[in-house]
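So the structure is just underneath, and the comments pick up after that.
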Amino acid sequence: MNKQPKTHPGPRFFPRPIDRPSPRSIGLAALQSLHQELSAYPKPGLVSPVDSGSHSDMDAATFFRSLFSLRGYFREIALAGMGNAPFAALKELGIAAEERMLKATRGVNTHRGAIFNLGLLAAAAGHLRNADLSLQNEALAVVVRERWGEAIRLHGTRLPRISHGSQVAANHGVGGALLEASSGFPHVFKVGLPALQKSLHQGADPNSAAVQCLFALMEVLPDTNLLYRGGEQGLTFAQESARAFLAAGGVHRPGWQLHAGAIHREFVALNLSPGGSADLLAATLFVYRLQS
Ligand SMILES: CC(C)(COP(=O)(O)OP(=O)(O)OC[C@H]1O[C@@H](n2cnc3c(N)ncnc32)[C@H](O[C@H]2O[C@H](COP(=O)(O)OP(=O)(O)OP(=O)(O)O)[C@@H](O)[C@H]2O)[C@@H]1O)[C@@H](O)C(=O)NCCC(=O)NCCS
Ligand SMILES: Nc1ncnc2[nH]cnc12
């Protein structure tokens, strides 16, 4: 009999897992990403270990306490994603994490956006791991959009109209965190990730690449924190500052820290803070870690 060499039946039959992160490693990656976002400097108007930017009610220590309170949450929500949990179950975990965060910070909102954004991405990572599917390309985005997108939209219509985000939605007609999540984090996958990867590829160190990524997000994101504090004028100012920084070469220009530092001081003088962009920077760093 003519013996044929054994061939691999191909990916259709054995979707070869490229990456199978455990819930524990997903949780760790989320915390590391939030820590990396906090440490990045200079970031316009935002809190870092160097200063509190435009925030009088919090500093880096507040963020560390907040991070400590979230240490079990991302692992738990990844596990829920592995168990194919519906959005209602994820929401319960998110609300409980928000309560722990507010207790740890004595009522200051440090990580509400991150609990929501990175929580959904962690659940998506758990879901893909359970199905033995790769996390590469836009797989995480597709899971969030297709599994939970509709429920997130519905959740948004039922929220009490008291949050800053919902006031901005009513006054300026932008969708903020809810629209970003329900549509599968387009700013993370189409803006943040390419900017981070390109900057690293061009030789930037991790801190500089994170700052470059933040400016790329700020240039285009309808950031509800900027709109809440500065109205349309504040958002436009922030987007134009980011555009000018990037057009001048961003972090790839020698001495870029002086330019970024000057923008930081302008934001502080105007009491502006791009909190939504900072959250999406953390979400981008998280996706990058999961895919690396
Ligand atoms: C669904 C919720 C997250 C509620 O969202 P909503 O839009 O109603 O409102 P906010 O309470 O304003 O929170 C949304 C936060 O999301 C971040 N964000 C802003 N723009 C965008 C964007 N375009 N895309 C993605 N994310 C965005 C941002 O987070 C950062 O800002 C927070 C600080 O904000 P604030 O309290 O307004 O503080 P200051 O500017 O300092 O105000 P003052 O000092 O002047 O008072 C900080 O947390 C950053 O992370 C937005 O603020 C949610 O509440 C909800 O439903 N939660 C329960 C469900 C859940 O979490 N589930 C998780 C698993 S599914
Ligand atoms: N570093 C930071 N400073 C202020 N608000 C934020 N929201 C998320 N990260 C932040």
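Computed from heavy atoms alone, side chains included, the values below leave out hydrogens, waters and symmetry copies. When a residue number appears, it is its place in the shown sequence, counting from 1.
For residues 106-136, every residue pair satisfying the ring-ring contact (aromatic ring centres under 6.0 Å, His included) rule, not counting sequence neighbours, is listed here: F63-H111. Annotation: ring-ring contact (aromatic ring centres under 6.0 Å, His included) contacts involving residues 65-93, sequence neighbours excluded, comprise F87-H155.
Of all heavy-atom pairs between A80 and L93, the closest is CB-CD1, 3.8 Å.
Counting only heavy atoms from C-beta outward, the side chains of R100 and L70 never approach each other to under 4.5 Å. For the pair R112/L102, a side-chain contact is recorded, criterion being any heavy-atom separation below 4.5 Å from C-beta on. You'll find the side chain of H35 reaches within 4.5 Å of the side chain of F64, heavy atoms only. Looking at K190 and F185, their side chains never come closer than 4.5 Å, going by heavy atoms from C-beta outward. Side-chain contact between Y41 and H264 is present, with heavy atoms from C-beta onward closer than 4.5 Å. Taking 4.5 Å as the limit, some side-chain heavy atom of R106 sits within range of a side-chain heavy atom of R65.
A distance-only check finds no donor-acceptor pair linking the side chain of N130 to the backbone of G126 [under 3.5 Å]. S199 places no side-chain N or O within donor-acceptor distance of the main-chain N or O of A195, the cut-off being under 3.5 Å. A donor-acceptor pair under 3.5 Å is absent between the side-chain atoms of N117 and the main chain of A283, judged by distance alone. Of the possible polar contacts, none joining the Q257 side chain to the P42 backbone as a donor-acceptor pair under 3.5 Å is found. K43 contributes a side-chain N or O that, together with a main-chain N or O of L38, makes up a donor-acceptor pair within less than 3.5 Å. Under a 3.5 Å cut-off, the side chain of S182 and the backbone N or O of L178 do form a donor-acceptor pair. Using a distance-only test at 3.5 Å, with no hydrogens or angles considered, no donor-acceptor pair links the side chain of E266 to the main chain of G45.
Look at R153 and E150 and you find a salt bridge, because one of the NZ, NE, NH1 or NH2 atoms lies within 4.0 Å of a carboxylate O, short of that distance.
Rounded to the nearest 0.5 Å, atoms CG (L67) and OG1 (T105) are 11.5 Å apart. Here the OG1 atom belonging to T224 is positioned 9.0 Å from the CG atom belonging to D279, to the nearest 0.5 angstrom. How far CZ of R289 is from CG of L135: 15.0 Å, rounded to the nearest 0.5 Å. Taking CD of Q136 as the start and CD of Q291 as the end, the distance is 5.0 Å to the nearest 0.5 Å. From D51, atom CG reaches atom CG of L46 across 10.0 Å, with rounding to the nearest 0.5 Å. Atoms CG and NE2, on L246 and H259 in that order, are 9.5 Å from each other to the nearest 0.5 Å.
A 6.0 Å sphere centred on CG of N84 holds more than 12 heavy atoms belonging to other residues, nucleotides or ligands. Heavy-atom neighbours of Q202 CD from other residues, nucleotides or ligands within 6.0 Å: above the threshold of 12. Other residues, nucleotides and ligands contribute only 12 or fewer heavy atoms inside 6.0 Å of the CD atom of E92. In R145, the CZ atom is crowded: over 12 heavy atoms of neighbouring residues, nucleotides or ligands sit closer than 6.0 Å. No more than 12 heavy atoms of other residues, nucleotides or ligands lie within 6.0 Å of CZ in R24, so this atom counts as exposed by the packing criterion.
Under a hydrophobic clustering in which Ile, Leu, Val, Met, Phe, Trp and Tyr are joined whenever their side-chain heavy atoms come within less than 4.5 Å, directly or via other members, M58 and V268 fall into different clusters.
There is a side-chain donor-acceptor pair under 3.5 Å between S277 and D223. Remark: the S66 side chain and the S69 side chain contain no N/O donor-acceptor pair separated by less than 3.5 Å.
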